[in-house]
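Okay, structure first, notes after.
Just so we're clear, the structure is a prediction, and the values are computed from it rather than from any experiment. Chain identifiers are assigned alphabetically (A, B, ...) following the order of the sequence lines, protein sequences preceding nucleic acid strands; residue numbering begins at 1 within each chain.
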Amino acid sequence: MSLVRSRLHAMIHRAARSLLQDQGIHNEEDLVLELEIPKIAEHGDYATNAAMTLTRLLRKHPRAIAQDLVERMEGRDDLLAKTEIAGPGFINFFVRPERWSDVLQAIHAQRDAFGRQDFGKGTRVQVEFVSANPTGPLHIGHGRGAAVGDVLANILKTCGYTVDKEYYINDTGKQMDTLGRSLYLRYLECLGRPVDFPDDHYKGEYMKDLAREVVDRFGDRYLAVSEQEALPFFTQYAGDRILEGIREDLAVFGVFHDIWFSERSLHENGALQRTMEALERSGMIYEHDGAKWFRSTAYGDEKDRVVVRANGATTYFAADLAYHKNKYERHYDMVIDIWGADHHGYVPRMMAGIQALGRHPSDLRIILVQLVNLLRGGKPVAMSTRAGEFVTLREVVDEVGKDAARFIFLTRRSDSPLDFDLETAKKHSNDNPVYYVQYAHARLCSVFEVAEERGVPTSWATPPDLRVLTEPAEWDLMKQLGEFPYVLETAARNLEPHRVPYYLTDLVSAFHSYYNHNRILSEDPALTQARLYLADALRTVIRNGLAVLGVSAPQKM
RNA sequence: GCGCCCGUAGCUCAGCUGGAUAGAGCGUCGGACUUCGAAUCCGCAGGCCGCAGGUUCGAAUCCUGCCGGGCGUACCA
């Protein structure tokens with residue numbers, strides 16, 4: 001069962017191809033046809049600018065090309081009531097209203113699988129996200145990255161990609177040492193020893209909790225050894241416990257990574273060393289001022305970058321090069337990194353890095369997620385990480401709920417900063433779109449409950465007569481339902497998860513309006529059956545859409 | 001200084017990768033529950049798409065330069 005949109009698209013594509021072949025032109029891969037829904041109803045249900053884009057190849061007037069295309073479109077009478085050529089060369093398509101209900105049958109046949117596609121063809125994709133240093137709990141900014149990464153992975157999966165979600169653990173280096181020492185000092189403090197707690201150490205309350213935990217479990221045994229001997233334990237302990245906490249916070253938020261990748265392993269198994277040697281062999285590394293530099297300017301970075309410091313220690317970037325080399329060695333066709341926007345200066349060197357390692361720039365997609373401003377009732381909530389005074393992701397999720405938090409994180413393009421207001425996130429009104437969407441689902445479920453109470457049939461071995469759906473609002477709903485797979489497709493191709501919540505909000509808005517103007521359960525049995533069939537399809541698509549977002553679809557609210 | 005991102009209705013944001021007459025929600029004001037859920041719906045008002053050039057049949061969208069905001073600019077991670 002093919003949908004109106006894809007039938008139409010295929011029809012135009014065939015016509016264009018045959019037109020080009022008659023002219024002896026065979027570069028079909030250039031043939032990208034856009035099928036849009038015009039803003040104005042008089043311009044039809046769908047429109048294409050195909051004729052205009054073909055002018056360059058065919059060297060003819062766009063309107064003449066449009067005419068040729070229309071004439072070559074086979075089988076259009078079954079699908080279309082009318083075709084018009086308008087303006088500079090648009091082709092406007094008016095779909096036969098009875099065709100809209102085709103989508104309902106497709107939805108009923110596919111159920112949970114409606115929206116699933118296979119154009120990803122099993123392409124192996126890795127999405128790396130969150131990857132927060134295990135030095136403290138996740139904050140709200142990490143939450144946004146978590147939501148974007150998780151949902152992007154879901155979207156790609158439903159489009160036929162093979163996706164792994166990965167967390168890169170920065171479990172080595174100076175910050176880990178500082179973390180361990182912070183815990184050690186809090187430990188001493190806890191046992192009544194006077195300490196001078198440095199300003200650049202981790203001062204958060206959670207470190208004091210951890211210190212008390214160490215005292216409870218291990219008593220004062222680390223007073224007997226020197227700081228140097230004690231530190232490895234404290235570093236390990238702090239890192240492990242904090243990472244555990246991060247896992248829990250992510251689980252509560254509904255995010256589960258497939259792979260947890262240790263940075264330290266790259267140091268220990270020689271991968272870092274091998275990466276440096278490989279780059280040296282290809283002449284991408286040189287020495288200067290006693291340090292080793294990576295020649296990232298060769299690929300457009302503004303300056304070269306140090307990989308091995310004069311004191312012999314490797315930099316974070318060196319490890320990241322080894323990490324990305326490792327990713328490709330694991331045979332990912334595409335790697336997606338999701339970073340906080342404050343790391344944007346890091347992009348050019350990373351892109352240079354993968355090219356130096358022999359990969360094409362398109363093999364690495366870096367998504368920058370802008371900052372989150374946390375508000376309460378319109379007023380900024382103070383968030384000073386240094387002072388250890390920040391609102392954690394966990395606190396936000398506990399307060400507003402997983403569903404609201406996830407949805408709000410996704411109702412903005414990633415590269416746009418986000419104001420997250422705790423009060424509106426809890427409001428059950430229209431300025432909080434989560435409940436708007438969920439309410440539609442609950443409402444639909446409720447209709448089915450009532451129908452069953454009244455003994456009205458609510459399941460169908462064969463579809464009811466759908467010709468009785470003659471309201472324009474019904475056609476519009478069915479048309480929008482048919483767009484769902486296409487929305488997922490564009491979200492996947494552009495790596496733009498925000499399209500899904502926007503689509504759902506639009507769909508549900510049309511439904512609420514319809515619901516207020518029409519009765520699903522009426523005196524007319526045939527009409528009732530058809531409308532229930534439509535309602536069931538709506539319920540399915542809302543549920544599928546919310547599932548992609550990792551948001552629940554409640555039957556009652 | 002240089003680099004990246006962002007300037008669209010009073011506020012928060014979409015705008016399908018260059019299409020036709022600019023789109024939602026909130027907020028203001030006014031209306032709709034004896035009916036399947038009013039966490040809903042309907043209506044009114046609101047715009048020099050930051051400014052100025054350029055590219056072409058056509059620009060909110062692409063290019064250049066300004067103005068304004070955010071973030072970067074380590075032999076930190």
| field | Closest to the A:L371 side chain, choosing from B:rG70, B:rC5, B:rA20 | value | B:rG70
| said: Side-chain N or O of A:T411 versus OP1/OP2 of B:rC13: is the shortest distance under 4.0 Å? | reply: no
| query | Between B:rC71, B:rU17, B:rC36, which nucleotide gets closest to the side-chain atoms of A:E496? | reply | B:rU17
| query | With under 30° as parallel and over 60° as perpendicular, where do the rings of A:H498 and A:Y502 fit, or are they tilted in between? | reply | perpendicular
| field | Residue-phosphate contact under 4.0 Å: A:R499 side-chain N/O, B:rC16 OP1/OP2 | value | no
| field | B:rU56: pairing nucleotide in any strand, Watson-Crick or G-U under 3.5 angstrom | value | none
| field | Any A:R309 side-chain N or O less than 4.0 Å from OP1/OP2 of B:rA74 | value | no
| Does A:R413 place a side-chain N or O at less than 4.0 Å from the phosphate oxygens OP1/OP2 of B:rC5? | no
| request: May I ask you to check whether A:H512 and A:Y436 place their ring centres under 6.0 Å from each other? | output: yes
| remark: With the side chain defined as heavy atoms from C-beta on, A:Y439 is closest, among B:rC16, B:rA38, B:rC13, to B:rA38
| So which nucleotide from B:rA14, B:rC36, B:rA77 ends up closest to the side chain of A:Q175? | B:rA77
| request: Choose from B:rC16, B:rA77, B:rU35 the nucleotide whose nearest atom is closest to any side-chain atom of A:T315. | output: B:rA77
| Taking OP1 and OP2 of B:rA20, is either one under 4.0 Å from a side-chain nitrogen or oxygen of A:K39? | yes
| Would you say a side-chain N or O of A:R412 is under 4.0 Å from OP1 or OP2 of B:rA14? | no
| Under 4.0 angstrom between A:Y168 side-chain N/O and B:rA77 OP1 or OP2 | no
| Does B:rC6 have OP1 or OP2 sitting under 4.0 Å from an N or O in the side chain of A:H344? | no
| In Watson-Crick or G-U wobble terms, both distances under 3.5 Å, what is the partner of B:rU28? | none
| query | Of the nucleotides B:rG37, B:rC75, B:rA39, which one has an atom closest to the side chain of A:A442? | reply | B:rG37
| task | Side chain of A:E36 only, please: which of B:rC76, B:rG19, B:rC75 is the nearest? | result | B:rG19
| Between A:F261 and A:Y323, does the ring centre distance come in under 6.0 Å? | yes
| request: Describe, in one word, how the ring planes of A:Y346 and A:Y316 are oriented to each other, choosing from parallel (under 30°), tilted (30 to 60°) and perpendicular (over 60°). | output: tilted
| Picking from B:rU40, B:rG19, B:rC36, which would you name as closest to the side chain of A:Y515? | B:rC36
| said: Side chain of A:D342, heavy atoms from C-beta onward: which of B:rG72, B:rU40, B:rG19 has the nearest atom to it? | reply: B:rG72
| field | Cationic N near anionic O, under 4.0 Å, A:R376 to A:E399 | value | yes
| task | For B:rU61, measure the glycosidic angle (O4'-C1'-N9-C4 for a purine, O4'-C1'-N1-C2 for a pyrimidine) and name it syn if it falls within 90° of 0, otherwise anti. | result | anti
